[in-house]
**Q** 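Pasting a structure here, questions to come.
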Amino acid sequence: MKLSNIPQRYVIVFLTFLSTCVCYIERVGFSIAYTVAADAAGINQSSKGTILSTFFVGYACSQVPGGWAAQKIGGRKVLLMSFVLWSSTCFLVPLDPNRVGLLVVARLLVGVAQGFIFPSIHTVLAQWVPPHERSRLVSITTSGMYLGAALGMWLLPALVELRGPESVFLAEALAGVIWSLLWIRYATDPPRSEHPKAAAAGFGGALLPTNVNHHKVTHIPWKKIMLSLPVWAIVVNNFTFHYALYVLMNWLPTYFELGLQISLQGMDSSKMVPYLNMFVFSIVGGFIADYLITKRILSVTRTRKFLNTVGFLVASAALMALPIFRTENGVILCSSVALGFLALGRAGFAVNHMDIAPRYAGIVMGVSNTAGTLAGIIGVDLTGKLLEASKLVYSDLSHPESWRAVFFIPGLLCIFSSVVFLLFSTGERIFD
């Protein structure tokens, strides 16, 4: 199959889109398969929360090392190694909720491997994507997360019912292998550019990893990065985005099963609507951002702040309204609005790495994604403990008050984060 007529940057964007899609099929798939297996084995909600959050411990540990490795070795190679490691783990480790030690180690390994993925992707995209296409092409890549989550919610409950929870692991491993073969076949590094404007624009061969045998190793300004208020604005918003996303991704199946007494296997394709909404809004947000910037309607800074603020404030309202609704359609509506507008907000904070630090996009992404991962550890585990505490008060989880704090916490975080981004973010390049 020849792709010579397609610009290589679009091939790279499509492949990175597929990579994020496959990763989120894996994450949603584990949540679904483990929930079924754990409930059958009588595992309590607090223990479930601990296992579900173990992934994020490994994920947090490899974010900054992932950015460093992508900077030094090359994002293309690191991304491939990550896929090989997590796919192999899914294939080799059985899903047995009673073998807690093995399951913890497996989820840590998958978390560590997938922690290298997004810093590597941002390093690759910083090399290939020109500034005038940055918002939409990065949004297309990250929209794969939401399509993957939607496909996982749609297809995997049926696979669990047909073949059992273990079959999910095998399907995910196969998807990882297929993507790896496509990446080996079609992914390349950009040709090194000697044109000074290419380097000044912040993309192209000038951002390839330094060849340590022939060139001086690039100095990474760690202190400047860690003390930068615009970086911290990204970090805070990344934390909030992932807190809300991971709580919904990991606990929405339990909310349907125990909060509303609705079986996921018995639901139609409506359960994938919240993630499809994220997929659409993510792409729309990217196109809106590039339109506002290229038509000079708003500056880069104002565009990022506008989309981030609208996305997070609407999401906040939807999250806090979610436990009020006690029907399948009501919950689908609220979660769709919340996740959709969170995805719209990514056209603000999530592209901002490349605005302020194109040369160190993988590093800054690693730093901010570490915060996002900590949000997963805290949010998923805390939710399990909140639900166990609610059971003592309300006897079971079907009472709406059992879930109020679960959704109010990310709602309030969205308000706080939008204010931080308004005050401290910038769309200007601050790292040379």
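Just so you know, these numbers use all the heavy atoms, side chains as well, and skip hydrogens, waters and symmetry mates. Small disclaimer: the values here were computed from a predicted structure and weren't measured.
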**Q** Scan side-chain atoms only and decide if T373 and H242 contain a donor-acceptor pair under the 3.5 Å cut-off.
**A**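 Short answer, no.
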**Q** Which atom names give the shortest non-hydrogen contact between L344 and G285, and what distance separates them?
**A**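 For L344 and G285, the tightest heavy-atom pair comes out as CD1-CA, 3.6 Å.
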**Q** Taking K305 for the side chain and S418 for the main chain, is one N or O donor matched with an acceptor at less than 3.5 Å?
**A**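 No: the side chain of K305 does not pair with the backbone of S418.
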**Q** Once salt bridge (Lys or Arg N to Asp or Glu O under 4.0 Å) is applied, what residue pairs with a partner in residues 9-25 remain, sequence neighbours excluded?
**A**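 Found R9-E133.
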**Q** Cationic tip of R304 within the cone over F421's six-membered ring, i.e. under 6.0 Å and within 45° of the normal?
**A**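 No, R304 does not sit over the ring of F421.
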**Q** Looking only at heavy atoms, which two atoms of S82 and F116 are closest? And how far apart?
**A**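 It is CB-CB, 4.2 Å.
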**Q** When you compare the side chains of R27 and Y59, does any donor N or O come within less than 3.5 Å of an acceptor on the partner?
**A**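 Their side chains do contain a donor-acceptor pair, which is all the 3.5 Å distance test asks for.
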**Q** Which atoms form the tightest heavy-atom contact between A33 and V160, and what is the distance?
**A**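 Looking at all heavy atoms of both residues, the shortest contact is CA-CG2, 4.4 Å.
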**Q** Can you confirm whether more than 12 heavy atoms, excluding those of F306, are under 6.0 Å from its CZ atom?
**A**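 Count not over threshold, so no.
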**Q** Hey, would you say the F424 and W232 ring centroids sit under 6.0 Å apart?
**A**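 No, the ring of F424 stays outside the 6.0 Å limit from the ring of W232, centre to centre.
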**Q** If you define the side chain from C-beta out and look only at heavy atoms, does anything of L156 sit under 4.5 Å from I25?
**A**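 Yes - at least one pair of side-chain heavy atoms lies under 4.5 Å apart.
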**Q** Do other residues, nucleotides or ligands put more than 12 heavy atoms under 6.0 Å from the CZ atom of R326?
**A**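 It does: R326 CZ has more than 12 such atoms within range.
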**Q** Is there a side-chain contact between I293 and L298 (heavy atoms, below 4.5 Å)?
**A**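 Answer no - side chains too far apart.
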**Q** Compare all side-chain heavy atoms of T142 with those of S282 and state whether any distance is below 4.5 angstrom.
**A**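 T142 reaches S282 side chain to side chain.
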**Q** Roughly how far, to the nearest 0.5 Å, is the CG atom of L155 from the CG atom of L162?
**A**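 Rounded to the nearest 0.5 Å, the CG-CG separation comes to 12.0 Å.
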**Q** Please walk me through it: do V57 and L108 pass side-chain contact (heavy atoms from CB on, under 4.5 Å)?
**A** CA-CA 7 Å; V57 176; L108 282 172; 3.8 Å; yes
**Q** Does a side-chain heavy-atom distance below 4.5 Å link E26 with V22?
**A**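 No, every pair of side-chain atoms sits at 4.5 Å or beyond.
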**Q** Once the angle between the rings of Y246 and F56 is folded into 0 to 90°, is it parallel (under 30°), tilted (30 to 60°) or perpendicular (over 60°)?
**A**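 Y246 and F56: tilted rings.
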**Q** Tell me whether D355 contacts the main-chain N or O of E428 through its side chain, where contact means a donor paired with an acceptor under 3.5 Å.
**A**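 Checking the backbone N and O of E428 against the side chain of D355, no donor-acceptor pair under 3.5 Å is found.
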**Q** Test your reading of the model: is there a side-chain donor-acceptor pair from Q8 to the backbone of Y186, 3.5 Å cut-off?
**A**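 Side chain of Q8 to backbone of Y186: a pair is present.
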**Q** Could you go step by step and tell me if F17 and Y10 meet the ring-ring contact (aromatic ring centres under 6.0 Å, His included) rule?
**A** CA-CA 10 Å; F17 161 82; Y10 296 145; over 10 Å; no
**Q** Please check: side-chain N/O of S88 versus main-chain N/O of V84, any donor-acceptor pairing under 3.5 Å?
**A**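 It does hold such a pair.
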**Q** Minimum heavy-atom separation for H353 to A350, with atom names?
**A**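 What the structure gives for the nearest pair is ND1-O, 2.9 Å.
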**Q** Walk me through whether L151 and C21 qualify under side-chain contact (heavy atoms from CB on, under 4.5 Å).
**A** CA-CA 9 Å; L151 291 173; C21 183; 4.2 Å; yes
**Q** Restricting to non-hydrogen atoms, name the atom on Y243 and the atom on L413 that form the minimum distance, rounded to 0.1 Å.
**A**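 In terms of heavy atoms, the two residues are closest at CG-CD1, 4.0 Å.
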**Q** Between T16 and T141, do the side chains contain a donor N or O and an acceptor N or O under 3.5 Å apart?
**A**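 Yes, side-chain donor-acceptor contact under 3.5 Å.
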**Q** Starting at OG1 of T20, measure out to CG of L147 and round the result to the nearest 0.5 Å.
**A**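 Taking OG1 in T20 and CG in L147, the distance rounds to 8.5 Å.
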**Q** Do V78 and W68 have side chains that get closer than 4.5 Å, going by heavy atoms?
**A**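 No, too far: nothing below the 4.5 Å cut-off.
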**Q** Specify the closest pair of heavy atoms between G152 and P157, including all atoms of both residues, with the distance to one decimal.
**A**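 G152 and P157 have their closest heavy atoms at O-CD, 3.4 Å.
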**Q** So does F312 get a backbone contact from the side chain of S316, meaning a donor-acceptor N/O pair under 3.5 Å?
**A**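 The answer is no, because no donor-acceptor pair under 3.5 Å joins these two groups.
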**Q** Can a donor-acceptor pair be found, under 3.5 Å and without considering hydrogens, that links the side chain of W183 to the backbone of R76?
**A**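 Answer holds: yes.
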**Q** Taking the side chain from S139 and the backbone from I283, do they hold a donor-acceptor pair closer than 3.5 Å?
**A**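 Checking the backbone N and O of I283 against the side chain of S139, no donor-acceptor pair under 3.5 Å is found.
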**Q** Which value, rounded to the nearest 0.5 Å, describes the distance between L248 atom CG and L245 atom CG?
**A**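 Reported to 0.5 Å precision, the distance equals 7.0 Å.
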**Q** Distance from W251 atom CH2 to S31 atom OG, nearest 0.5 Å?
**A**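 Reported to 0.5 Å precision, the distance equals 8.5 Å.
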**Q** Is a donor on one side and an acceptor on the other found under 3.5 Å between the side chain of S143 and the backbone of F279?
**A**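 Side chain of S143 to backbone of F279: no pair is present.
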**Q** Could you walk me through whether S425 and N308 pass the side-chain contact (heavy atoms from CB on, under 4.5 Å) test, one step at a time?
**A** CA-CA 10 Å; S425 67; N308 198 85; over 6 Å; no
**Q** Decide whether a cation-pi geometry holds between R346 and F241; the criteria are a distance under 6.0 Å from NZ or CZ to the six-membered ring centre and an angle within 45° of the ring axis.
**A**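 Judged by the rule, R346 and F241 form a cation-pi pair.
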**Q** Between T89 (side chain) and V110 (backbone), is there a donor-acceptor pair under 3.5 Å?
**A**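 No, because the side chain of T89 does not come within donor-acceptor range (under 3.5 Å) of the backbone of V110.
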**Q** Taking the side chain as everything from C-beta on, heavy atoms only, tell me whether L109 gets closer than 4.5 Å to W86.
**A**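 No; the side chains remain at least 4.5 Å from each other.
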**Q** Can you name the one residue among T309, N238, T240 that meets side-chain hydrogen bond (donor to acceptor under 3.5 Å, both in side chains) with S417?
**A**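 Among T309, N238, T240, the one meeting side-chain hydrogen bond (donor to acceptor under 3.5 Å, both in side chains) with S417 is T240.
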**Q** Say you draw a straight line from CD1 of I234 to CG of N352; how long is it, rounded to the nearest 0.5 Å?
**A**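 The distance works out to 4.0 Å.
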**Q** Using the rule given for side-chain contact (heavy atoms from CB on, under 4.5 Å), can you reason through I288 versus R136, listing the C-alpha separation, both sets of side-chain angles and the distance that settles it, and then say yes or no?
**A** CA-CA 8 Å; I288 291 174; R136 60 180 177 269; over 6 Å; no
**Q** Any side-chain to backbone donor/acceptor pair from N277 onto S336? Under 3.5 Å, distance only.
**A**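 Yes, the answer is positive, given that a donor and an acceptor are paired below the 3.5 Å cut-off.
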**Q** How many angstroms lie between atom CG of L339 and atom CZ of F281, to the nearest 0.5 angstrom?
**A**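 Between L339 CG and F281 CZ, I get 11.0 Å after rounding to 0.5 Å.
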**Q** Return a table of donor-acceptor pairs under 3.5 angstrom between the side chains of residues 167-181 and protein atoms on other chains or two or more places apart.
**A**
unit_1: S167; atom_1: OG; unit_2: G164; atom_2: O; d: 2.6
unit_1: W179; atom_1: NE1; unit_2: L15; atom_2: O; d: 2.8
unit_1: S180; atom_1: OG; unit_2: G176; atom_2: O; d: 2.9

**Q** Assess whether atom CZ of F408 is packed by more than 12 heavy atoms of other residues, nucleotides or ligands within 6.0 Å.
**A**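 Yes, CZ of F408 has more than 12 neighbouring heavy atoms, counting only those of other groups under 6.0 Å.
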